[in-house]
Amino acid sequence: MPTVSVKRDLLFQALGRTYTDEEFDELCFEFGLELDEITSEKEIISKEQGSIKAAGASDVVLYKIDAPANRYDLLCLEGLVRGLQVFKERIKAPVYKRVMPDGKIQKLIITEETAKIRPFAVAAVLRNIKFTKGRYDSFIELQEKLHQNICRKRALVAIGTHDLDTLSGPFTYTAKRPSDIKFKPLNKTKEYTACELMNIYKTDNHLKQYLHIIENKPLYPVIYDSNGVVLSMPPIINGDHSRITVNTRNVFIECTGTDFTKAKIVLDIIVTMFSEYCEKQFTVEAAEVVFPNGKSYTFPELAYRKEIVRADLINKKVGIRETPENLAKLLTRMYLKSEVIGDGNQIEIEIPPTRADIIHACDIVEDAAIAYGYNNIQMTLPKTYTIANQFPLNKLTELLRHDMAAAGFTEVLTFALCSQEDIADKLGVDISATKAVHISNPKTAEFQVARTTLLPGLLKTIAANRKMPLPLKLFEISDIVIKDSNTDVGAKNYRHLCAVYYNKNPGFEIIHGLLDRIMQLLDVPPGEDKAGYVIRASEGPAFFPGRCAEIFARGQSIGKLGVLHPDVITKFELTMPCSSLEINIEPFL
Amino acid sequence: MADGPVAELLLRRLEASDGGLDSADLAAELGVEHQAVVGAVKSLQALGKVIEAELRSTKRWELTSEGEEIAQEGSHEARVFRSIPPEGLAQSELMRLPSGKVGFSKAMSNKWIRVDKSTADGPRVFRVVDSMEDDVQRRLQMVQRGQAEKLGEKERSELRKRKLLAEVTLKTYWVSKGSAFSTSISKQETELSPEMISSGSWRDRPFKPYNFLAQGVLPDSGHLHPLLKVRSQFRQIFLEMGFTEMPTDNFIESSFWNFDALFQPQQHPARDQHDTFFLRDPAEALQLPMDYVQRVKRTHSQGGYGSQGYKYTWKLDEARKNLLRTHTTSASARVLYRLAQKKPFTPAKYFSIDRVFRNETLDATHLAEFHQIEGVVADHGLTLGHLMGILREFFSKLGITQLRFKPAYNPYTEPSMEVFSYHPGLKKWVEVGNSGVFRPEMLLPMGLPENVSVIAWGLSLERPTMIKYGINNIRELVGHKVNLQMVYDSPLCRLDAKPRPPPTQEAA
């Protein structure tokens with residue numbers, strides 16, 4: 001969930017009233033926001049860097065508010081206030097208009113070189129805008145929030161905002177060899193080639209996370225004005241020439257990306273949020289974008305879409321009985337201007353460009369429910385009559401684990417992920433022989449593979465509990481994973497039962513006795529015949545030579561038991577003899 | 001049969017005594033260690049009312065071993081004085097005497113002796129007085145005779161400073177006859193034996209009382225893991241509510257079932273390498289239900305079923321990518337898909353509790369794997385009110401009765417609501433679960449009828465367990481690093497039971 005931090009006093013000023021922290025928390029909860037933290041710049045810095053560094057910082061109260069991940073219109077003070085004011089019916093939702101310029105329309109021409117790297121671009125102009133320090137900061141902050149969320153860290157969309165008065169159109173969006181791109185980027189004093197910049201930014205804490213998006217591409221995206229001035233090299237950095245300041249009056253906004261839909265949404269959000277400060281409030285000057293195929297489009301789209309939803313559908317989905325008029329009123333409070341039409345049971349809902357999250361009637365139903373108040377909905381029990389069944393494998397597991405404890409063994413719970421070493425090297429097996437599934441992106445060696453046996457987890461548990469009185473008798477019944485090309489995903493879980501006995505003596509007879517008890521519980525008699533179970537001398541790298549047997553039950557091999565090899569004991573950092581048993585319990589279903 | 005010779009002697013003396021006797025006096029009289037008498041007193045006390053014993057502490061002055069020596073031989077200064085012949089003694093020689101150093105300075109300050117430094121062969125010591133009185137020896141001898149109180153406070157403290165005298169506290173018993181006094185005390189039996197039962201001798205034997213304040217001996221036993229005990233209780237709750245358990249024994253899942261089937265777009269951050277464990281081997285799912293896949297693809301990329309869709313290029317390669325399931329909802333999706341293939345539609349209630357995996361940053365409350373609890377109801381005409389109603393029943397079985405619901409966003413449910421409960425300990429509302437109505441874009445491509453709604457909720461197993469058992473670090477609960485003692489000591493899991501009250505002082 002994205003967190004928006006706003007100055008409390010500015011927020012209250014914009015909302016036209018003050019709240020206690022509790023009242024505001026309550027309002028957020030009702031609306032689906034969360035007042036996550038009440039803090040100040042000073043507090044944040046002192047928490048992160050110590051109170052000395054925080055000495056000069058501002059102690060203006062900040063509200064950190066968590067917004068739902070799909071509500072891009074709530075990611076800045078302007079949007080939050082507008083949403084809450086409409087919700088509390090203090091203002092009507094403004095109507096956003098795209099207008100044609102008095103003079104020539106700004107043009108952005110996309111060349112075909114961009115196709116392979118970042119094919120889409122959209123643009124718009126905020127004309128005669130009036131920033132203040134607060135508004136300017138919010139404008140920058142919103143871009144950052146969008147970059148982190150809907151833009152997927154600039155991979156899908158990157159935003160560039162420019163002082164239009166320093167540039168001269170038409171603009172060209174193209175892609176060039178990095179060595180051929182040279183400009184003075186934001187916050188630098190001289191020109192660099194794109195190659196140099198990529199090197200410089202490797203150590204830049206903020207920008208280094210974006211380099212991978214274009215790093216290994218032969219051509220880098222770049223936007224020029226008609227005089228060859230670089231506006232930006234998306235998605236990395238803007239040029240210094242066209243940088244905006246608090247005094248900028250005309251802002252040229254370009255969004256480039258790999259996802260056309262999201263680029264349009266991002267542009268719509270920025271212009272709807274900040275056209276509030278334009279001389280003609282809530283109007284946005286159009287820009288023309290020419291695609292390589294020669295087709296030309298006008299942005300921002302600022303599209304209003306109409307949906308018709310039946311009132312009884314909303315009532316039925318939520319579990320309330322409201323009149324269509326009331327439902328329309330509720331929806332209007334959620335920034336969805338609605339009215340009853342047709343036969344009186346139909347509600348026509350206008351979805352504004354700020355509400356890209358509304359893609360289905362169910363989204364409208366939810367907004368009606370939120371405005372109605374979730375906690376005002378009458379709770380009822382569904383009349384769904386069903387007979388419960390346990391999953392047979394889990395039922396067997398539950399029964400067995402109780403009797404394992406009754407047999408004096410203690411249950412442990414170990415991780416399903418582990419290192420290759422745990423399941424292979426430490427057990428004297430080659431990793432290729434384990435048929436283990438391998439994780440491609442583990443952050444540490446602990447998550448290299450899914451376990452193919454429960455034994456390492458039990459041995460590691462003993463290693464962490466060497467101070468406990470002996471003997472240690474442990475068991476676990478849980479799943480292991482083996483590659484298996486007969487399943488749809490190519491791997492399969494098996495439910496294993498593993499038990500270990502750790503003492504000054506190996507205690508093979510105890511583990512053997514436990515096997516006999518398990519077979520008794522499963523109603524499998526000893527014997528060579530098809531219904532019975534038997535153990536036969538065997539060997540395995542994890543076991544001491546001559547102290548290992550394979551377990552056969554109901555005609556198939558189900559596992560092994562034996563005294564562990566001293567090498568295995570040592571590799572798991574243990575010092576005492578240990579015997580173990582591990583079987584697959586699925587044949588007993 | 002008496003309980004040892006000292007006890008027997010004690011009882012005889014006590015019988016003859018007038019009112020009582022002191023344990024220290026008795027020890028002196030009997031010529032035994034005081035401790036032996038104390039032992040006898042204690043063993044007689046254990047018999048009941050045979051004797052009364054009152055603990056008394058008396059303070060006494062005793063000579064230290066150096067004090068004893070001085071009482072015998074005289075003080076160091078006296079010994080120095082005596083060792084000086086009339087013609088004097090070389091100081092160096094005097095210093096070599098055993099009492100030389102201490103005795104010299106004391107004798108000097110007593111002005112018993114003097115030093116002449118003018119002699120040719122080094123300083124020489126001479127007597128100043130002809131005779132002297134050794135007060136130190138005399139006083140110590142008084143203490144020895146038991147007359148310490150005749151000494152002044154100042155004199156005693158001076159001797160104490162010289163470490164010749166020490167004050168000791170002596171604990172003695174004043175023993176008197178008890179209400180059941182008898183000199184013929186028989187030894188008590190400790191335990192009932194088979195012989196006593198068969199002979200009936202238990203009728204005539206006294207038995208030593210048990211100490212009920214002592215701890216018993218814990219039985220040798222196996223134990224169940226606390227988290228899995230809680231899992232059993234959650235299973236039980238779902239079964240009581242008529243929910244059928246879903247198969248979840250497939251940790252490996254394709255991105256298709258884990259994300260795409262749930263209408264979670266392919267650029268969703270949860271599908272990032274930073275959040276999800278993807279597989280290198282087997283890297284891709286071998287089979288997908290292709291006609292269903294086509295419907296999912298169309299819904300994502302173009303919309304349909306009343307939806308605008310996400311309008312992006314949906315890629316099959318992305319859906320084939322194998323991963324460790326990030327939620328059990330992937331298993332729910334498979335079950336719902338199977339339910340959708342059954343005609344006619346039959347209402348269903350499902351649950352599951354199993355492991356899920358996240359490639360997250362680990363901290364005190366987050367591990368790379370944890371257990372997810374999930375409940376699902378599929379029926380005609382289910383409402384948000386139904387979801388809230390069933391959540392109320394579910395949570396009341398956990399002993400949680402104060403609930404409220406917050407609007408939320410989940411990619412595959414709409415409406416969505418987070419469930420909060422009031423935590424009396426923390427004095428605030430805490431999130432206890434997440435819930436919602438599955439989106440039509442998820443259900444309709446599966447083939448479920450349009451008027452069927454599916455409501456669902458989920459929570460983690462670890463969080464309520466940590467609250468229940470008061471565990472702050474998840475590593476103390478799950479994994480190989482847990483302390484087995486915690487497993488041994490964990491109580492039964494009764495989720496609806498009131499928590500143990502904090503220890504309070506006994507009411508007056």
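Each chain gets a letter, A, B and so on, in the order the sequences are listed, and its residues count up from 1.
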J.: For the CG atom on B:D220, are there more than 12 heavy atoms of other groups (residues, nucleotides or ligands in this structure) within a distance under 6.0 Å?
T.: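 Atom CG in B:D220 is not packed in, count stays at 12 or less.
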J.: Are side-chain N/O atoms of A:Q448 and A:H438 paired as donor and acceptor at under 3.5 Å?
T.: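 No, A:H438 and A:Q448 have no side-chain donor paired with an acceptor closer than 3.5 Å.
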J.: Looking just at side-chain N and O atoms, do A:R401 and B:S232 make a donor-acceptor pair shorter than 3.5 Å?
T.: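 Looking only at side-chain atoms, B:S232 and A:R401 do form a donor-acceptor pair, the distance falling under 3.5 Å.
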J.: With a 4.5 angstrom heavy-atom cut-off, which part of B:H380 approaches chain A: side chain, backbone, both or neither?
T.: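 Looking at B:H380, nothing touches chain A.
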J.: So A:E411 and A:F475, do their side chains get closer than 4.5 Å, heavy atoms only?
T.: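 They are in side-chain contact.
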J.: Is chain A contacted by the side chain of B:E431, its backbone, both, or neither, given a heavy-atom distance below 4.5 Å?
T.: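 Contact with chain A involves no heavy atom of B:E431 at all.
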J.: With a 4.5 angstrom heavy-atom cut-off, which part of B:F277 approaches chain A: side chain, backbone, both or neither?
T.: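 Contact with chain A: backbone and side chain both.
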J.: Which region of B:R404, side chain (C-beta onward) or backbone (N, CA, C, O), has a non-hydrogen atom less than 4.5 Å from a non-hydrogen atom of chain A, or is it both or neither?
T.: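 Both backbone and side chain.
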J.: Would you mind reporting whether A:M468 and B:N483 have side-chain heavy atoms less than 4.5 Å apart?
T.: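 Of all side-chain heavy-atom pairs linking A:M468 with B:N483, at least one is under 4.5 Å.
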J.: Please classify the contact between B:W429 and chain A as side chain, backbone, both or neither, with a heavy-atom cut-off of under 4.5 Å.
T.: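 No part of it gets close to chain A.
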J.: As an exercise: rank B:E393, B:E418, B:K481 by heavy-atom pairs under 4.5 Å with chain A and give me the winner.
T.: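 Of B:E393, B:E418, B:K481, B:E393 has the most heavy-atom pairs under 4.5 Å with chain A.
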J.: Could you tell me which portion of B:F256 (side chain, backbone, both or neither) has an atom closer than 4.5 angstrom to a non-hydrogen atom of chain A?
T.: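 Answer is neither: B:F256 stays 4.5 Å or more from chain A.
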J.: Taking the six-membered ring of A:Y494 (Phe, Tyr or Trp), confirm whether the NZ or CZ of A:K492 is under 6.0 Å from its centre and within 45° of its axis.
T.: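 Geometry flag: set, cation within 6.0 Å and 45°.
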J.: Is it the case that A:K383 places NZ or CZ above or below the six-membered ring of A:Y385, under 6.0 angstrom from the centre and within 45 degrees of the axis?
T.: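 The answer is no, since A:K383 fails at least one limit relative to A:Y385.
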J.: Please state whether the side chain, the backbone, both or neither of B:L324 comes within less than 4.5 Å of a heavy atom of chain A.
T.: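 Contact with chain A involves the side chain of B:L324 alone.
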J.: Highest number of heavy-atom pairs under 4.5 Å with chain A: which of B:P289, B:P247, B:A378, B:G381?
T.: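 Greatest number of close heavy-atom pairs with chain A: B:P247.
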J.: If you count heavy-atom pairs under 4.5 Å with chain B, which of A:N394, A:L156, A:I358 comes out on top?
T.: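 Max contact count across the listed options: A:N394.
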J.: With a 4.5 Å cut-off on heavy-atom pairs, point out which of A:T414, A:V318, A:T444 contacts chain B the most.
T.: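 With the most close heavy-atom pairs to chain B, the winner is A:V318.
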J.: What option among B:N359, B:L403, B:L323 has the most heavy-atom pairs under 4.5 Å with chain A?
T.: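 Option with the top pair count is B:N359.
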J.: Looking at A:K153, A:K316, A:K443, which one has more heavy-atom pairs under 4.5 Å with chain B than the rest?
T.: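 That would be A:K443.
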J.: Using the ring of each side chain (for Trp, its six-membered ring), is A:F29 parallel, tilted or perpendicular to B:F420, with breaks at 30° and 60°?
T.: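 Ring orientation of A:F29 relative to B:F420: perpendicular.
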J.: Determine the option with the most heavy-atom pairs under 4.5 angstrom with chain A, choosing from B:V478, B:D249, B:D379.
T.: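 The answer is B:D249.
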J.: Around atom NZ of B:K428, are there more than 12 heavy atoms from other residues, nucleotides or ligands closer than 6.0 Å?
T.: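 No, because the 6.0 Å sphere around NZ of B:K428 holds 12 heavy atoms or fewer from other groups.
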J.: Can you tell me which portion of B:Q485 sits under 4.5 Å from chain A's heavy atoms? Options are side chain, backbone, both or neither.
T.: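 Its backbone and side chain both get close to chain A.
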J.: Checking side-chain polar atoms at under 3.5 Å, does B:N258 have a donor or acceptor matched by the opposite partner on B:E253?
T.: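 No, because no side-chain N or O of B:N258 sits under 3.5 Å from a partner of the opposite role on B:E253.
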J.: Heavy-atom cut-off 4.5 Å, strictly under: side chain, backbone, both or neither for B:A348 against chain A?
T.: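 Answer is backbone: N, CA, C or O of B:A348 sit under 4.5 Å from chain A.
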J.: B:F438 and B:F263: ring-ring contact (aromatic ring centres under 6.0 Å, His included), yes or no, with the steps?
T.: CA-CA 10 Å; B:F438 282 135; B:F263 196 53; over 10 Å; no
J.: Would you say CD of A:Q209 has more than 12 non-hydrogen atoms from neighbouring residues, nucleotides or ligands within 6.0 angstrom?
T.: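 Count over threshold, so yes.
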J.: Only pairs of heavy atoms separated by less than 4.5 Å count here; which of B:E240, B:M246, B:E441 has the most with chain A?
T.: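 Going by pairs under 4.5 Å, I would pick B:E441.
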J.: Who wins among A:K262, A:M379, A:K317, A:H402 for the most heavy-atom pairs under 4.5 Å with chain B?
T.: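 Highest number of heavy-atom pairs under 4.5 Å: A:M379.
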J.: Is chain A contacted by the side chain of B:L279, its backbone, both, or neither, given a heavy-atom distance below 4.5 Å?
T.: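 Its backbone and side chain both get close to chain A.
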J.: Taking the ring of B:F351 and the ring of B:F238, is the distance between their centroids below 6.0 Å?
T.: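 Here the rings of B:F351 and B:F238 have centres that are less than 6.0 Å from each other.
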J.: In terms of heavy-atom pairs under 4.5 Å with chain B, which of A:S440, A:G457, A:G319 leads?
T.: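 Of the options given, most contacts go to A:S440.
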J.: If you count heavy-atom pairs under 4.5 Å with chain B, which of A:A155, A:C28, A:A416, A:A356 comes out on top?
T.: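 Option with the greatest count: A:A416.
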J.: Against chain A, work out which of B:P226, B:S453, B:P440 has the most heavy-atom pairs shorter than 4.5 Å and name it.
T.: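 Option with the greatest count: B:P440.
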